[in-house]
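Structure record follows, encoded as structure tokens.
This is a predicted model, so every value here is computed, not measured.
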Amino acid sequence: MASKMMRAFAVPALVLTTAAGLAWSFQPEPPRQREGGQPGGGQPGERGGGGGRGEGRVASVEGAMKSMGRPLKTLRAQITDASKKDENLQLINDMQRGAVTAKGAKLSDDVLKKGADAKAKAEMAKDYRRHMLALTKTLLEVETLLMDDKLEEAKAELEKAVKMRDEGHKKMGVDDE
């Protein structure tokens, strides 16, 4: 009887031990301290680590905007081409990533200097972030329409995003390149 009881507990114990071991083995390594005293390297106030693409640097609004502009040109030209669905989904994803990065980036001093005082500058930053949130939502809608093969609607929604870009640039006094 004791033997049956041991077997009844042995199987669950073995399963739990195996699961715990697997879970432990897939844990990410903690960030290593590098120069500057920050995990992953870099200086205080910087984002990310030092190992991958774009890590270790504070993202600039300008860089994020450029990362949206490049795929936009291609996407506008081919958004209604059903044979390019997968490529178009990747392009809209790239634009969304740029929008999220831009949303979290600090406005440049050139833009903020247009604010009369700290309160006005804070309001500009808040308006900018809200604008980028709205743009991100629009880009998500473009993706949904592309996935549902509603290509003409996706094109119209993408043009709405372009109009949002133009209005945002005008409001912030930024020249389009």
Side-chain angles (χ1 to χ4, degrees), residues 26-29 31 38-43 45-115 120-177:
F26 286 105
Q27 290 295 313
E29 283 187 47
Q38 295 297 311
Q43 298 298 318
E46 290 184 328
R47 296 184 193 161
R53 184 177 57 156
E55 291 183 40
R57 296 176 296 191
V58 175
S60 73
V61 172
E62 181 181 7
M65 294 294 174
K66 285 181 181 178
S67 74
M68 287 188 286
R70 288 184 292 268
L72 174 62
K73 288 178 186 176
T74 305
L75 187 58
R76 283 179 93 181
Q78 67 186 37
I79 193 166
T80 57
D81 185 345
S83 70
K84 301 212 179 212
K85 180 177 182 175
D86 290 338
E87 183 181 346
N88 290 341
L89 287 169
Q90 183 59 52
L91 291 166
I92 196 66
N93 187 70
D94 293 344
M95 290 179 66
Q96 291 165 355
R97 186 178 21 252
V100 170
T101 299
K103 177 182 66 68
K106 182 180 180 284
L107 284 173
S108 73
D109 291 336
D110 287 344
V111 172
L112 287 175
K113 72 181 179 185
K114 296 169 186 161
K121 291 176 183 183
E123 194 62 31
M124 286 175 68
K126 182 178 167 183
D127 288 347
Y128 166 76
R129 190 171 183 110
R130 284 189 191 280
H131 180 80
M132 293 309 298
L133 280 167
L135 176 62
T136 302
K137 289 176 186 177
T138 301
L139 294 175
L140 289 168
E141 183 60 24
V142 171
E143 180 180 10
T144 302
L145 292 166
L146 284 171
M147 287 175 41
D148 294 340
D149 298 316
K150 297 178 179 178
L151 305 181
E152 290 299 325
E153 291 177 52
K155 181 179 180 179
E157 197 72 11
L158 183 63
E159 291 307 314
K160 180 179 167 185
V162 170
K163 185 177 178 183
M164 292 172 77
R165 174 201 66 187
D166 296 343
E167 290 170 354
H169 287 182
K170 183 177 180 182
K171 185 174 183 178
M172 292 289 175
V174 175
D175 293 328
D176 286 332
E177 292 180 13

Practice prompt. May I ask you to decide if Ala102's main-chain N or O and Tyr128's side chain share a donor-acceptor pair within less than 3.5 Å?
Written response: yes
Practice prompt. Working to the nearest 0.5 Å, report the span between OG1 of Thr101 and CE of Met132.
Written response: 9.0 Å
Discussion item. Taking atom NZ as the centre, does Lys160 end up with more than 12 heavy-atom neighbours from other residues, nucleotides or ligands that are less than 6.0 angstrom away?
Written reply: no
Fill in: Straight-line distance of Thr138 OG1 to Met164 CE, nearest 0.5 Å
4.0 Å
Fill in: Check against side chain to side chain donor-acceptor pair (under 3.5 Å), Ser83 and Asp81
CA-CA 5 Å; Ser83 70; Asp81 185 345; 2.6 Å; yes
Worksheet, complete the sentence: Taken in chain and number order and not counting sequence neighbours, the residues that satisfy side-chain hydrogen bond (donor to acceptor under 3.5 Å, both in side chains) with Glu141 are none
Worksheet item: Do you see a donor-acceptor pair shorter than 3.5 Å between the side chains of Gln90 and Asp94?
Response: yes
Practice prompt. Evaluate the criterion side chain to side chain contact (heavy atoms under 4.5 Å, CB included) for residue pair Met95 and Leu72; output intermediate values, then yes/no.
Written response: CA-CA 7 Å; Met95 290 179 66; Leu72 174 62; 3.8 Å; yes
Fill in: Gln96 side chain vs Leu139 backbone, donor-acceptor pair below 3.5 Å
yes
Worksheet item: At their closest point, which heavy atom of Ala105 faces which heavy atom of Val61, and how far apart are they?
Response: CB-CG2, 3.7 Å
Practice prompt. Determine, step by step, whether Leu145 and Glu152 satisfy the side chain to side chain contact (heavy atoms under 4.5 Å, CB included) criterion, reporting the C-alpha distance in whole Å, the side-chain angles of both residues, the deciding distance to 0.1 Å, and the verdict.
Written response: CA-CA 9 Å; Leu145 292 166; Glu152 290 299 325; over 6 Å; no
Item to complete: Take Met124 and Met172, measure what side chain to side chain contact (heavy atoms under 4.5 Å, CB included) needs, and give me the verdict at the end.
Response: CA-CA 8 Å; Met124 286 175 68; Met172 292 289 175; 4.3 Å; yes
Fill in: Closest non-hydrogen atom pair between Thr80 and Lys155, with its separation
CG2-CD, 3.9 Å
Item to complete: Go through the steps for Lys84 and Ile79 under the test side chain to side chain contact (heavy atoms under 4.5 Å, CB included), then give the verdict.
Response: CA-CA 8 Å; Lys84 301 212 179 212; Ile79 193 166; over 6 Å; no
Response to the item:
Sequence neighbours excluded, the answer for side-chain hydrogen bond (donor to acceptor under 3.5 Å, both in side chains) partners of Glu157 is none
Discussion item. Are the side chains of Met68 and Leu135 in contact, using a 4.5 Å heavy-atom criterion?
Written reply: yes
Worksheet item: Of Leu91, Leu89, Leu158, which is the lone residue that meets side chain to side chain contact (heavy atoms under 4.5 Å, CB included) with Val142?
Response: Leu158
Discussion item. Given 3.5 Å as the limit, does a donor-acceptor pair link the side chain of His131 with the main chain of Lys103, or not?
Written reply: no
Fill in: Beyond-backbone contact of Leu146 with Lys85, side-chain heavy atoms, under 4.5 angstrom
no
Worksheet item: If every non-hydrogen atom of Gly98 is compared with every non-hydrogen atom of Ser67, which pair is closest and at what distance?
Response: CA-OG, 3.4 Å
Discussion item. Quick check against the 3.5 Å criterion: does Asn88 have a side-chain atom that pairs as donor or acceptor with the backbone of Gln78?
Written reply: yes
Worksheet item: Any side-chain heavy atom of Glu62 sitting closer than 4.5 Å to one from Lys66?
Response: yes
Worksheet entry | Enclosure of Lys114 NZ (heavy-atom neighbours >12, cutoff 6.0 Å) | yes
Fill in: Side chains of Glu143 and Asn93, donor plus acceptor under 3.5 Å
no
